[in-house]
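For reference, the structure is listed below as structure tokens.
Remember, it's 1-based here, ligands and their atoms both numbered in the order they're listed.
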Amino acid sequence: MNTIDHKLTLNNGKQMPIFGLGVFQSPRNETVAAVKAAIKQGYRLIDTAAIYENEREVGQAIKESGIKREELFVTTKLWLTDFGFDEAFDGYGTSLKKLGLDYVDLYLLHWPMPMHWEATLDAWNALIGLYNQGRIGSIGVSNFEPEMIERLIEAGSVVPAVNQVELHPYFQHKDLRDYHAKHGIVTQAWSPLGAVDVYGTRSTGRNIFDNDVVKDIAAAHNKTVAQVILRWHVQHNIAVIPKSVHESRITENSQITDFFLTHPEMYAIDKLNMGLRGGQIPYENQNGYGVQISKP
Ligand code: NAD
């Protein structure tokens with residue numbers, strides 16, 4: 001097995017695998033098998049969220065995996081409809097119940113709510129409370145820009161351990177990564193393989209899987225485009241959570257330890273950045289929430 005097992009140290013001293021499985025849009029009836037296949041393959045981090053509506057299946061897979069709980073790193077996220085202090089405590093309780101766990105390793109605020117800042121702040125303070133009670137391994141945020149993180153830190157004096165953001169060769173978020181590095185925040189990439197043309201919200205017809213630079217690098221290493229992109233992330237110390245429900249791809253995505261990208265290859269991929277998002281802009285106004293919301 002050559003699944004990557006490198007860990008990053010978070011700002012509270014805890015360790016988080018740099019590599020894991022994402023389950024956004026994993027249908028419930030395929031999630032148990034996918035998560036079990038991933039764990040069997042050596043994945044130790046699973047990334048879910050209340051809004052993905054598959055926490056129950058993730059929990060079932062963990063239970064059936066035969067791997068000790070403490071060897072796994074489970075992330076889930078508080079959805080916007082549960083922002084607020086008491087609401088966040090309740091939201092965490094509901095997630096734990098669905099997962100069948102008594103703690104998660106990482107709990108994230110899923111999106112900022114710039115137009116509902118008080119609720120965002122109250123939710124963050126609830127996460128701090130849960131963390132101080134020892135009920136969560138680490139706390140962090142997702143889709144936050146530096147000025148929002150600054151406001152959280154000012155209000156609660158706690159620096160998020162992780163910011164999970166859209167990040168792939170066409171959208172490299174270098175300024176944000178530099179900000180994270182300066183403040184000891186781990187960058188975790190969602191849509192590491194490129195959401196462009198997957199979500200279609202900002203589709204331009206460009207798909208990283210068709211990119212000749214990446215295809216040539218992949219051919220030179222006898223690897224796939226997906227493996228080269230994931231390798232590029234981890235060589236930049238960016239945590240990745242590629243999603244698939246297909247066992248062959250789950251295996252393929254994990255096999256990135258037996259080759260290195262050279263400096264010129266890394267630089268060639270760095271140069272592909274186009275600032276091209278596939279997903280939503282966190283601050284874009286949609287009823288003031290930044291994203292469409294509905295109750296999980
Ligand atoms: P991804 O980059 O993991 O996958 C994009 C697409 O590539 C998917 O359709 C997938 O099926 C496909 N794919 C996977 N492996 C492949 C391979 N080897 N070859 C070809 N195609 C392959 O994108 P994602 O699912 O959007 O993001 C990964 C994870 O990040 C999610 O599952 C979720 O856990 C998390 N996420 C978080 C947020 C957030 O707001 N925090 C948003 C989106 C996703």
Contact check: Phe209 vs ligand 1, nitrogen or oxygen atoms, below 3.5 angstrom:
no
Polar side chain donor-acceptor pair, Glu55 to Ser95, under 3.5 angstrom
yes
Pair Asp47 + Lys77, salt bridge at N-O below 4.0 Å:
yes
Are any of the N/O atoms in Pro242 less than 3.5 Å from those in ligand 1?
no
So for Ser142 against ligand 1, with non-hydrogen atoms under 4.0 Å, the contacting part is side chain
Filtering Trp190, Trp111, Phe24 for the heavy atom nearest atom 39 (C) of ligand 1 leaves Trp190
Within the 3.5 Å criterion, strictly below it, is a donor on His221 or Gln227 matched to an acceptor on the partner's side chain?
no
Donor-acceptor pairs are to be reported for all side-chain atoms of residues 268-276 against protein atoms at under 3.5 Å, with residues two or more places apart or in another chain.
residue: Asp270; atom: OD1; partner: Trp232; partner atom: NE1; Å: 2.9
residue: Asp270; atom: OD1; partner: His236; partner atom: NE2; Å: 2.8
residue: Asn273; atom: OD1; partner: Gln172; partner atom: N; Å: 3.0
residue: Asn273; atom: OD1; partner: Gly275; partner atom: N; Å: 3.2

Could you tell me which atoms of ligand 1, counted from 1 in the order shown, lie closer than 4.0 angstrom to a heavy atom of Gly194?
2 (O)
Against heavy atoms of Asp47, which atoms of ligand 1 measure under 4.0 Å?
33 (C), 34 (O), 35 (C)
Determine whether the side chains of Tyr179 and Asn163 contain a donor N or O and an acceptor N or O closer than 3.5 Å.
no
Looking only at distance, does Ser191 have an N or O less than 3.5 Å from an N or O of ligand 1?
yes
Of Ile208, Val141, Leu193, Leu167, the residue with the heavy atom nearest atom 7 (O) of ligand 1 is Leu193
Out of all atoms in ligand 1, which are within 4.0 Å of some heavy atom of His110? Include the element for each.
39 (C), 40 (O), 41 (N)
Joint hydrophobic cluster, Phe171 plus Trp190, side-chain heavy atoms closer than 4.5 Å
no
Side chain, backbone, both or neither: the part of Asn143 lying under 4.0 Å from ligand 1 by heavy atom:
side chain
Looking at Asp178 and Lys174, does any basic side-chain N land under 4.0 Å from a carboxylate oxygen?
yes
The one among Arg249, Gln227, Glu252, Gln164 that brings a heavy atom closest to atom 12 (C) of ligand 1
Arg249
Hey, is ligand 1 close enough to Ala226 that some N/O pair sits below 3.5 Å?
no
Under-4.0 Å salt bridge between Arg69 and Asp102
no
Number the atoms of ligand 1 from 1 as they appear, then name those within less than 4.0 Å of a heavy atom of Val23, with their elements.
32 (O), 34 (O)
Tell me whether the count of non-hydrogen atoms from other residues, nucleotides or ligands lying under 6.0 Å of NZ in Lys215 goes above 12.
yes
One residue to check: Val225. Relative to ligand 1, which of side chain, backbone, both or neither has a non-hydrogen atom less than 4.0 Å away?
neither
